[in-house]
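Taking it in order: structure first as structure tokens, then the write-up.
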Amino acid sequence: MPGQVQIRRVWKPLAHVACALPLAVLLLELLAVGPFRIGPNPALAIRDTLGTWGLRLLLATLAMTPLRLATGQAWPLAFRRLLGLWSFAYVLLHFVTYFVLDRGIELGIILEDVAKRPYITIGTAAFLLMVPLAVTSTAGWRRRLGPRWTRLHRLVYPVAILACWHYYWLVKRDVREPLLYVTVLLMLLGWRLVARRAARRTAPAARPD
Amino acid sequence: MLIRKAPDIRPSEITPERVFRDRRRLLKAAGFIGASALLAEARAADTIPANHRRLANVKKVPAPAGLTPNTFEEVTGYNNFYEFGTDKSDPAANSGKFRPKPWKVAIEGEAEVTGSFDFDALVSPHQLEERIYRFRCVEAWSMVIPWVGIPLGDVLKRFKPSSKAKYVAFETVMRPEEMPGQRYPILDWPYVEGLTIAEAMHPLTLLVTGVYGVELPAQNGAPLRLMVPWKYGFKSIKSIVRIRFTEQQPPTSWNLAAPDEYGFYANVNPKVDHPRWSQASERVVSSGLGSLLASRVPTQPFNGYAAQVASLYTGLDLARNF
């Protein structure tokens, strides 16, 4: 079981490197370094890679609390904010790529997309709901908000549901990958419901968030 | 089965006047073999790997000016061919086991001449032509591709379709052992498509055997595919093993999979959106960093071929018959 110092000095930097890896690969592909190639439709490849990693890291964030309770160890919680912020970084870049590279900053078209294309509507909603979570992720905000912080950060659940739904809705036909994420999400949420019920039976005050 | 020696005037040589005039207009509009076509050839010579067999005796047909073909790498590396997987890079990566020779095509249905025909029996009586066409995917991306092939109508006429032949149905080969995508029920295999007889006989509709002057690579639908340039790409069925003349409109794979999203006609139409995305504009596929900031271009009715094909649909509600 890693101690506080080891987590801060070793494991967190490693986690940052791991989270930055997909971004680094994308950069290598863009610059066509060695065997890395972005392919014939770079703008969309960037947009989709960023979105996928945003979703994967979001699910990883949601896995930390179950992991803590399953292992009986506290260390997974130390990575929750790190993973959540990296997820937000990828989602933000995903949105910027769509806005700038795919849609050429044409506000009219983007507003039409958001209004007329349901998968873009819910994707945008998920992104906007992530903003307050990222802003209030600091220790200062957590202290200031007190118990309201926990309530606010439950927004992560609708965000994750909307994000999976967004992905499921946009694929043309092959829903295998989005279904995989939906399954993981349902497991993570289902686990919480079960754990909460169990916790209620034994100690009504304690429940996982 | 053998195809007998063609009569003095082959049916294919008798061109309806309307079509003939259209052809004239097409050629006139093109004017000259644009610099783009020459450029394409120069570029292609550099980039086509040596293992691709060059097609001999290909007649060059002038391309409309202003069409710059995509590179060979783009045309053969960014494909929708779900039989090999659903990612754009899957068809190139997973088609190594596919054997396009020997190849037979079954000709069936409402025609005088039917039976099973070798690839050569189908193709070799005809003059191969290079046609540079715009290609528009239903997913709102596009390319410009120098296909090699023969007008489908010229081939079909040899089988003497009867007056009952109102449609032509096509079927892709079913080989799950060579086509890993067919092992998953993403679509109801084998892939099927169809055209009206008028669409099939239109001089723009091409039976394709090559691209960039070489034999069609597996990921592009070897050895035989359709190219219907005014329709979304999924209409241009690949690796064809069955052609059937029918009286009724035949079922088509994407229509069966999602009838509200993909119609039988599937003509490129910027005014009729896909339920989930806009068809008003398209992203021109282009590798390289320069393309990152390139904006989308407006999609043209019938993919820019309205002058030649719009008359096929006179009186048809294109929004309803999408």
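We use all heavy atoms of the structure for the numbers below, so side chains are in, but hydrogens, waters and symmetry mates are not. Lettering follows sequence order; numbering is per chain, from 1.
Applying the 6.0 Å contact sphere to CG of B:Asn321 captures more than 12 heavy atoms from other residues, nucleotides or ligands. Other residues, nucleotides and ligands contribute more than 12 heavy atoms inside 6.0 Å of the CH2 atom of B:Trp189. Counting heavy atoms of neighbouring residues, nucleotides and ligands inside a 6.0 Å radius, atom CZ of A:Arg144 exceeds 12 of them. Residue A:Met187 places its CE atom among 12 or fewer non-hydrogen atoms of other residues, nucleotides or ligands, all under 6.0 Å distant. Environment of CZ in A:Phe99: crowded, with over 12 heavy atoms of neighbouring residues, nucleotides or ligands closer than 6.0 Å. Counting non-hydrogen atoms of neighbouring residues, nucleotides and ligands closer than 6.0 angstrom, the CD atom of B:Glu73 reaches no more than 12 such neighbours.
Neither the backbone nor the side chain of B:Asp87 comes within contact range of chain A; no heavy atoms are under 4.5 Å apart. Looking at B:Ser291, the atoms closer than 4.5 Å to chain A (heavy atoms on both sides) all sit in the side chain, from C-beta outward. For A:Arg176, the part sitting under 4.5 Å from any heavy atom of chain B is the side chain, from C-beta outward, and nothing else. Neither the backbone nor the side chain of A:Asp113 comes within less than 4.5 Å of any heavy atom of chain B. At a 4.5 Å heavy-atom cutoff, the contact between A:Ile46 and chain B is made by side-chain atoms alone. Interface residue B:Val138: only side-chain heavy atoms are found under 4.5 Å from chain A. Residue A:Ile109: no heavy atom, backbone or side chain, is found under 4.5 Å from chain B. Using a 4.5 Å cut-off between heavy atoms, A:Val171 contacts chain B through its backbone alone, with no side-chain atom that close. With a 4.5 angstrom heavy-atom cutoff, A:Ile38 does not touch chain B via any of its atoms.
Contact detail for A:Arg117 and B:Pro275: the closest heavy-atom pair is NH1-O, 4.3 Å. In terms of heavy-atom proximity, A:Leu101 sits nearest to B:Leu292 at CD2-O, 3.3 Å. Residue A:Gly39 comes nearest to B:Ser287 through the heavy atom pair O-CB, 3.9 Å, listed as atom of the first residue, atom of the second, then distance.
In terms of non-hydrogen atom pairs under 4.5 Å with chain B, the most contact-rich of A:Gly104, A:Ala43, A:Ala32, A:Ala45 is A:Ala43.
Side chain of B:Arg276 to main chain of A:Trp169: a donor-acceptor pair is present (N/O by atom type, distance under 3.5 Å, no hydrogens or angles).
Between B:Thr86 and A:Lys172, every side-chain heavy-atom pair lies at or beyond the 4.5 Å cut-off.
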With side-chain contact (heavy atoms from CB on, under 4.5 Å) as the criterion, how do A:Lys116 and B:Asp273 come out once you've worked through the C-alpha distance, each side chain's angles and the decisive distance to 0.1 Å? CA-CA 10 Å; A:Lys116 273 175 76 176; B:Asp273 283 345; 3.5 Å; yes
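For the side chain to side chain contact (heavy atoms under 4.5 Å, CB included) with A:Asn41, the qualifying choice from B:Lys88, B:Met143, B:Glu74, B:Arg283 is B:Arg283, the only one to do so.
Geometrically, A:Arg173 does not engage B:Tyr82 in a cation-pi contact defined by less than 6.0 Å to the ring centre and at most 45° from the axis.
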